[in-house]
Amino acid sequence: MVDSARLSLHVPEPAVRPGGQPDFSNVKIAKAGAVPRPEVDVASEDIRDLAYSIIRVLNRDGEAVGPWAGSLADEELLTGLRNMMTLRAFDARMLMAQRQGKTSFYMQHLGEEAVSCAFRKALAKGDMNFPTYRQAGLLIADDYPMVEMMNQIYSNESDPLHGRQLPIMYSSKEHGFFTISGNLATQYVQAVGWAMASAIKNDSRIAAAWIGDGSTAESDFHSALVFASTYKAPVILNIVNNQWAISTFQGIARGGSGTFAARGLGFGIPALRVDGNDYLAVHAVARWAAERARRNLGPTLIEHVTYRVGAHSTSDDPSAYRPKTESEAWPLGDPVLRLKKHLIVKGVWSEERHVQAEAEIMDEVIEAQRQAEAHGTLHAGGRPSVRDIFEGVYAEMPPHIRRQRQKAGY
């Protein structure tokens, strides 16, 4: 019998630990404008390389270059900048409110504002997002009232969800924002199912699924890809790769696939990677994928390469698992500052107007917060009544059943 070496288990480890020097040498960044823009009816096997590159529009000088540029007018870009600035100001105030004990929990978007704010502008009224807890920009960019978001965070008497969801787990059918699931990855399958239903009904609406890099390790993610590819569901499958899950680096979920976008290749799904801190690039790629879905060409998988600057949540301390200076070393920069620079280069914005806009936006956020905090708690003790719980869970009782119950003395 031939002696053989003992087996050993491979456990991926981050390149750098707390106290070390940040290292993003593994993030291969293509030159802005270098990645080609294929026709929307392209076959997935013909664009396999797009799953390993990064689509970028803004170069280091703040100029929009390449085939993916030109999807937005100046006014649309100014609106996008304001949306991202609003989300950042909203985050700052709600994070402070949590520290002051006004709410139990909060999750911020710092560094990831372009992903959701730009993506929303590529969708149409009636399209449905199935988001995670870090896509509030979908609501901000669709003019959902900030005070309503704050009412839900505070679970006050004007909470649109009547205290039945965790803070920041918003829901708005009118604004195409399916209620957030705390069970990560379940929304991916739901999005595909919703898109399949839209196709069955010969509707024109499409769906967008959202998931973080860590949650792609869940089986629901893979199940969603099976159904999306098999039935060519009109859905955009978004993966927000912000480098870190709750406290583990992306290598745990990514495994040996190289990139998260590459996960889609085995299912025959066109897969692209985009600079998630480039507002113009995110919008261009989202619009390309939306057009594919509307033309009944099937799903598209998009990996948004970005960075979570803040903690995972107010219950997390990132200094325990990554270098404190890592966010400063992130090579794709700050999405707000990059779009600001682009607009200044174009001559439609200035440092002075930016400072003024920051103050105006903060005033708006503070006013919304004042209104939300003026409302009392939902109920005594902050808990919904039994009647509220039943009315929120069960359908309205049919009249004939109500009459029968009344006769029986119920």
Side-chain angles (χ1 to χ4, degrees), residues 27 29-30 35-40 42 44 46-57 67-68 71 112-123 127-132 134-135 137-138 141 176 185 187-188 191-192 195 206-216 221-222 224-225 228-229 232-243 250 253-254 257-295 297-307 332 335:
V27 182
I29 303 173
V35 178
R37 184 186 186 279
E39 297 296 325
V40 294
V42 68
S44 62
D46 293 336
I47 56 169
R48 289 179 61 89
D49 55 327
L50 268 63
Y52 297 96
S53 189
I54 297 179
I55 297 167
R56 299 174 60 224
V57 171
W68 292 91
S71 66
E112 302 179 40
E113 294 90 349
V115 174
S116 54
C117 288
F119 187 92
R120 182 63 188 85
K121 294 301 185 180
L123 298 182
D127 294 338
M128 184 61 71
N129 284 282
F130 288 75
T132 73
R134 227 179 297 277
Q135 276 85 55
L138 295 170
Q187 74 278 1
Y188 232 60
V192 174
I206 65 173
W210 295 86
I211 201 168
D213 51 276
S215 298
T216 60
F221 169 76
H222 301 275
L225 266 58
S229 61
K232 296 190 180 299
V235 61
I236 304 172
L237 302 164
N238 294 290
I239 302 173
V240 181
N241 175 11
N242 62 14
Q243 312 306 309
Q250 58 164 288
R254 189 186 68 240
S257 65
T259 70
F260 289 96
R263 296 279 195 198
L265 298 179
F267 294 90
I269 297 176
L272 306 84
R273 299 177 84 216
V274 64
D275 178 351
N277 289 18
D278 183 337
Y279 186 95
L280 284 77
V282 171
H283 179 269
V285 170
R287 195 168 77 166
W288 186 89
E291 184 179 348
R292 275 186 57 85
R294 293 192 205 286
R295 288 176 55 178
L297 295 171
T300 303
L301 189 149
I302 303 173
E303 177 187 345
H304 302 263
V305 183
T306 183
Y307 185 82
L332 293 177

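- Residues forming a side chain to side chain contact (heavy atoms under 4.5 Å, CB included) with Lys121 (at least two apart in sequence, or on another chain): Thr79, Asn83, Ala141, Tyr279, His283.
- Using a distance-only test at 3.5 Å, with no hydrogens or angles considered, no donor-acceptor pair links the side chain of Asp278 to the main chain of Arg56.
- Heavy atoms only, all atoms of each residue included: Ser116 and Leu138 are closest at O-CD2, 3.5 Å.
- Screening Asp213, Val282, Asp275, Asn241 for a side-chain contact (heavy atoms from CB on, under 4.5 Å) involving His304 leaves a single residue, Val282.
- Side chains of Thr300 and Arg292: a donor-acceptor N/O pair is present below 3.5 angstrom, by distance only.
- By the 4.5 Å heavy-atom criterion applied to side chains, Leu297 and Lys232 are not counted as neighbours.
- Proximity of Trp210 to Arg134: side-chain heavy atoms (C-beta onward) are nowhere separated by under 4.5 Å.
- Taking 4.5 Å as the limit, some side-chain heavy atom of Leu237 sits within range of a side-chain heavy atom of Val192.
- Residues Ser44 and Ile269 share a closest heavy-atom pair of CB-C, 3.8 Å.
- Using a cut-off of 4.0 Å between Lys/Arg side-chain N and Asp/Glu carboxylate O, Asp127 and Arg120 are scored as not salt-bridged.
- Considering CD of Glu112 and SG of Cys117, their distance stands at 11.5 Å, rounded to 0.5 Å.
- Between the Ser229 side chain and the Leu225 main chain, a donor and an acceptor come within less than 3.5 Å of each other.
- In this structure the side chain of Leu123 never reaches within 4.5 angstrom of the side chain of Met128, judged on heavy atoms.
- Closest non-hydrogen pair, Leu265 versus Ala51, comes out as CD1-CB, 4.0 Å.
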Requested in this report: Would you please test Thr306 and Asn242 for side chain to side chain donor-acceptor pair (under 3.5 Å) and show each step?
Outcome: CA-CA 5 Å; Thr306 183; Asn242 62 14; over 6 Å; no
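- The ring pair (Phe, Tyr, Trp, His ring centres under 6.0 Å) test applied to Tyr307 returns Phe24, Trp330, not counting sequence neighbours.
- Contacts of Thr259 classified as side chain to side chain contact (heavy atoms under 4.5 Å, CB included), with partners at least two apart in sequence or in another chain: Tyr52, Ala261, Ala262, Arg273, Glu303.
- Residues Thr132 and Gln135 bring a donor and an acceptor atom of their side chains to less than 3.5 Å of each other.
- Take Ser53 and apply the side chain to side chain contact (heavy atoms under 4.5 Å, CB included) test, not counting sequence neighbours, and it matches Ala30, Val35.
- With a 4.5 Å cut-off on side-chain heavy atoms, Asn129 and Asn238 do not count as touching.
- What you find for Ala209 and Val235 is that their closest heavy atoms are N-CG2, 4.2 Å.
- For Pro36, there are no side chain to side chain contact (heavy atoms under 4.5 Å, CB included) partners at least two apart in sequence or on another chain.
- Here CD1 of Ile302 is found 6.5 Å from CG of Leu272. Values are rounded to the nearest 0.5 Å.
- A search for ring pair (Phe, Tyr, Trp, His ring centres under 6.0 Å) contacts involving Phe221 returns Tyr188, not counting sequence neighbours.
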Query raised in the report: Checking salt bridge (Lys or Arg N to Asp or Glu O under 4.0 Å) for the pair Arg295/Glu291: CA distance, chi angles, key distance, verdict?
Result: CA-CA 6 Å; Arg295 288 176 55 178; Glu291 184 179 348; 3.3 Å; yes
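- To the nearest 0.5 Å, atom CD1 of residue Ile47 and atom CG of residue Asp49 are 8.0 Å apart.
- Summarising the geometry of Ile239 relative to Thr216, their closest heavy-atom pair is CG2-CG2, 4.0 Å, with the distance given to 0.1 Å.
- A distance of 11.0 Å separates CG in Leu301 from CD1 in Ile236, rounded to the nearest 0.5 Å.
- Rounding to the nearest 0.5 angstrom, the gap separating the CD1 atom in Ile55 from the CG atom in Leu280 is 13.0 Å.
- Considering every non-hydrogen atom in both Pro270 and Pro299, the closest pair reads CD-O, 3.5 Å.
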